[in-house]
Enquirer: 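A single structure is presented below for examination.
Numbers here are sequence positions counted from 1.
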Amino acid sequence: MGFKKKDNQSYYNPVRRAILTHGMIEPGDRVAIGMSGGKDSTTLLYLLDRIRRQRRLGFDFELVPIALDMGFEGCDITPMQAFVEQLGYPLEIVPTNIAKVVFDIREEKSPCSLCAKLRRGILYNRAHELGCQKVALGHHVDDAIETYYMNFLFHGRMNSFEPKSYLSKTNVTLIRPMIYLEEKQIIRLVKREELPVVFNPCPVDKKTKREEIKNLVTNMANHYPDIREKFIMGMEQGTAEDFWNKSL
């Protein structure tokens, strides 16, 4: 696996820009990466690994891939584990009973919120136990826009998640190094580099309110092609505290 030379900068530069603009990674940091097996987290590890090896930040840092075993039947993470090990890292796998709690015990009708809360708590705590100062998630600019409109339409709040936020309960800092990348770029990379994507057995996958908002943003982009660039501009220029939802 490896980039064609001419395509390097279109991926490295936005990630490097996000890291440096928001002070996401510092010299000597031990950075946990939340690995779900999906295209976003796989791409995040792939890019950060190359940025680290090529010293594109000008300093050294460590990567610690962490995956949660959600407890779903029929979920084979072998391809993800092989990919992580191919890059030279051990994959830390944390067993959980999240699927049972959300779907069997709580029988949640809208399970995504509880599931995300449980996943985040377990991931952050394990990262702290492993000596990580930072936890990196694979959110991109489309995720940020969708979150903004979800908060606006469903909760009456006009904000999105932060590129970087300190989590006092677990003493780690959450970072999103791909915040300047578009989802279509990630899809192209995954196809071109043949990065592994694990099948998601969650029964509500692609059936959530976020999927509705994703379609809304796609339709908006058809009429306003620069919506993503404008949102990134707003992130860099916006200093109002109420733009960022610090609970996300």
Side-chain angles (χ1 to χ4, degrees), residues 15-38 40-49 51-52 55-71 77 80 84 87-98 101-102 112-140 143-144 147 151 157 159-181 235-236 238-248:
V15 174
R16 182 175 180 274
R17 172 184 164 195
I19 291 172
L20 295 178
T21 298
H22 300 284
M24 293 184 181
I25 300 177
E26 300 171 302
D29 269 350
R30 189 169 167 84
V31 182
I33 299 183
M35 300 292 298
S36 68
D40 300 332
S41 60
T42 298
T43 297
L44 177 61
L45 175 61
Y46 184 74
L47 292 173
L48 286 183
D49 173 67
I51 287 173
R52 183 188 68 82
R55 292 183 59 85
R56 287 177 175 266
L57 297 180
F59 53 79
D60 291 326
F61 60 95
E62 297 180 59
L63 297 176
V64 182
I66 302 176
L68 304 186
D69 181 349
M70 301 284 289
I77 66 170
M80 174 174 61
V84 172
L87 293 180
Y89 305 97
L91 179 62
E92 175 75 13
I93 302 176
V94 183
T96 79
N97 62 347
I98 292 177
V101 170
V102 172
C112 296
S113 178
L114 176 60
C115 181
K117 182 178 180 180
L118 294 174
R119 284 188 287 110
R120 287 197 300 263
I122 294 172
L123 174 62
Y124 301 159
N125 282 322
R126 187 59 183 142
H128 178 67
E129 292 171 355
L130 293 173
C132 299
Q133 296 83 24
K134 308 289 173 60
V135 175
L137 299 183
H139 295 136
H140 43 70
D143 289 323
T147 297
N151 282 331
R157 300 194 304 261
N159 51 31
S160 186
F161 51 65
E162 293 182 273
K164 172 187 174 183
S165 55
Y166 176 67
L167 309 173
S168 58
K169 290 184 179 180
T170 50
N171 195 31
V172 297
T173 298
L174 175 62
I175 61 175
R176 296 175 166 99
M178 297 200 303
I179 193 66
Y180 292 161
L181 282 180
M235 282 195 294
E236 292 194 332
T239 57
E241 292 185 0
D242 59 355
F243 181 79
W244 304 115
N245 185 345
K246 298 182 181 299
S247 65
L248 294 175

Enquirer: Do M70 and C115 have side chains that get closer than 4.5 Å, going by heavy atoms?
Expert: yes
Enquirer: What closest approach, in Å, do M24 and K134 show between heavy atoms, and which atom pair accounts for it?
Expert: O-NZ, 2.8 Å
Enquirer: Is T96 reaching over with its side chain to a backbone N or O of D69, donor-acceptor style, under 3.5 angstrom?
Expert: yes
Enquirer: So, R126 side chain and I66 main chain: donor-acceptor pair closer than 3.5 Å or not?
Expert: no
Enquirer: Give a yes or no on whether the backbone of H140 and the side-chain of R176 come within a donor-acceptor separation of less than 3.5 Å.
Expert: no
Enquirer: If you take all heavy atoms of P177 and A18, which pair is closest and at what distance?
Expert: O-CB, 3.5 Å
Enquirer: Considering the options I175, T21, L174, which one meets the side chain to side chain contact (heavy atoms under 4.5 Å, CB included) requirement together with K164?
Expert: I175
Enquirer: Out of curiosity, L45 CG to L63 CG, how far, rounded to the nearest 0.5 Å?
Expert: 6.5 Å
Enquirer: Which residue is it: D143, D40, L137? I am looking for the one with a side chain to side chain contact (heavy atoms under 4.5 Å, CB included) to M178.
Expert: D40
Enquirer: Rounded at 0.5 Å granularity, tell me how far CG in L68 sits from CD in E92.
Expert: 10.0 Å
Enquirer: Any side-chain heavy-atom pair from Y166 and N171 closer than 4.5 angstrom?
Expert: yes
Enquirer: Quick check: closest heavy atoms across A32 and A127, and the distance to 0.1 Å?
Expert: CB-CB, 3.7 Å
Enquirer: Would you name the heavy atoms of A67 and M80 that are closest together and state the gap between them?
Expert: CB-CE, 3.8 Å
Enquirer: Work out which heavy atom in S160 is nearest to a heavy atom in T147; give both atom names and the distance.
Expert: OG-CB, 3.7 Å
Enquirer: Using a 4.5 Å cut-off on heavy atoms from C-beta on, say whether the side chain of R16 contacts that of L57.
Expert: yes
Enquirer: So, for A144 and I179, which heavy atoms are closest and what is the spacing to 0.1 Å?
Expert: CB-CD1, 3.9 Å
Enquirer: Under the rule for ring-ring contact (aromatic ring centres under 6.0 Å, His included), what residues qualify as partners of H139, not counting sequence neighbours?
Expert: F161
